[in-house]
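Quick caveat: nothing in here was measured; it's all calculated off a predicted structure. Index from 1, following the sequence. When a ligand or atom number is given, it counts from 1 through the structure's own listing order.
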Amino acid sequence: MRKPLIAGNWKMNLLCSQVPAYFQTLMQSLKGKPGQRTVDILLAVPAPFLSLAREMAERDGLLIAAQTVHEKAEGAFTGEISLPMLLDLGVSWTLVGHSERRQYFNETDRSVALKARAAVERGVTPIVCVGETKDEREKSLTETVLRRQLETVLAELPRDADWVIAYEPVWAIGTGLTASDQQAQDAHAFIRQLLRQHSGEHADAMRILYGGSVKSSNAAGLFKQPDIDGALVGGASLDPLEFARIIDSMS
Ligand code: 13P
């Protein structure tokens, strides 16, 4: 069975000085005790908070991820963060190819695939984000877009690679519009079928998260779907009480 993963993506929000109080409130609000948890909990925090968040997460049994990473190990790439730098901080997860990275920072299917491959090669687990825009959905191009985005990544990865996929329809991110349970399930089932073609049985062990306006009011319905293995939560993860409610609706 796949262990659910509930991930929060803080994007460019909060301050480092708020991290301790966030963790304290989150841990106090969660129903399950760390040793008895049936879900993995992850936070993708801004780079300046990685070190502190990693220390706190270790104590509380949480996972910490970067929000993006560069595929090269070192060099003249001002402002970028490398995989060895993450590992040096004890961070072994990263988001890759979030739609905001694709939209505002010109990341392409190809660059996303190279980052995912570099991460897997270094033992950092990438959460690769895919999803169609509103225009693409309206033109019935959802499956075409998912296939293109995923096949580029799959071509770079070994069949049994350790990675996670987040299906985040762009039209549902930060808009309050959530994919219906059925729309999300259909996309996830399509993704799993693509994975099966590439990775065989390993596809059944891989976690596929849903992202896009997930809240405590809609999480339970999404989590009941057979191919939805958790969530990547943006805005609602900034409030530790609300994030705890989302986590508890999966456990
Ligand atoms: P929202 O939950 O704010 O829609 O953001 C989703 C997202 O982009 C998570 O990566």
* To do: Please state whether Ala172 comes within less than 4.0 angstrom of ligand 1, counting heavy atoms only.
  => yes
* To do: Taking only Lys NZ, Arg NE, NH1 and NH2, and the carboxylate oxygens of Asp or Glu, determine whether Glu138 and Lys134 approach each other closer than 4.0 Å.
  => yes
* Contacting atoms of ligand 1, where contact means under 4.0 angstrom from a heavy atom of Leu232 -> 9 (C), 10 (O)
* Enter the distance from Asp40:CG to Arg2:CZ here, rounded to the nearest 0.5 Å. => 14.0 Å
* Should Gly174 be counted as touching ligand 1, given the test is an N or O pair under 3.5 Å? -> yes
* Check: Glu132/Trp171 side-chain N/O donor and acceptor closer than 3.5 Å -> yes
* Report yes or no: does a heavy atom of Lys11 sit under 4.0 Å from some atom of ligand 1? => yes
* Going by distance only, is there an N or O of Ile173 that falls short of 3.5 Å from an N or O of ligand 1? -> no
* Answer yes when Glu201 and Arg159 have at least one side-chain N-carboxylate O distance shorter than 4.0 Å, and no when they do not. => no
* **Contact atoms of ligand 1, heavy-atom distance to Gly212 under 4.0 Å** => 4 (O), 6 (C)
* **Asn9, any N or O under 3.5 Å of ligand 1 N or O** => yes
* Give a yes/no on ligand 1: does Ala236 have at least one heavy atom closer than 4.0 angstrom to it? => no
* Structure fact -> Numbered in order shown, the ligand 1 atoms found under 4.0 Å of a heavy atom of Ser213 are 1 (P), 2 (O), 4 (O)
* Got an N/O contact under 3.5 Å between Thr175 and ligand 1? -> no
* Asked: For ligand 1, which atoms sit closer than 4.0 Å to a heavy atom of Gly235?
  -> 1 (P), 2 (O), 3 (O)
* Per-atom contacts, ligand 1 versus Glu168 - under 4.0 Å to a heavy atom -> 6 (C), 7 (C), 8 (O), 9 (C), 10 (O)
* Asked: For the residue pair Leu52 and Pro20, what are the closest heavy atoms and their distance?
  -> CD2-CD, 4.1 Å
* Under a 4.0 Å N-O cut-off, is there an ion pair linking Lys115 with Glu71? -> yes
* Rounded to the nearest 0.5 Å, what separation is found between the CG atom of Asp181 and the CG atom of Asn218? -> 8.0 Å
* Salt-bridge present (Arg147, Glu143; N to O < 4.0 Å) -> no
* To do: Measure the distance from atom 2 (O) of ligand 1 to every protein heavy atom, then report the residue, atom name and distance (to 0.1 Å) of the closest one.
  => Gly234 N, 2.9 Å
* To do: Give a yes or no on whether the backbone of Met206 and the side-chain of Arg192 come within a donor-acceptor separation of less than 3.5 Å.
  => yes
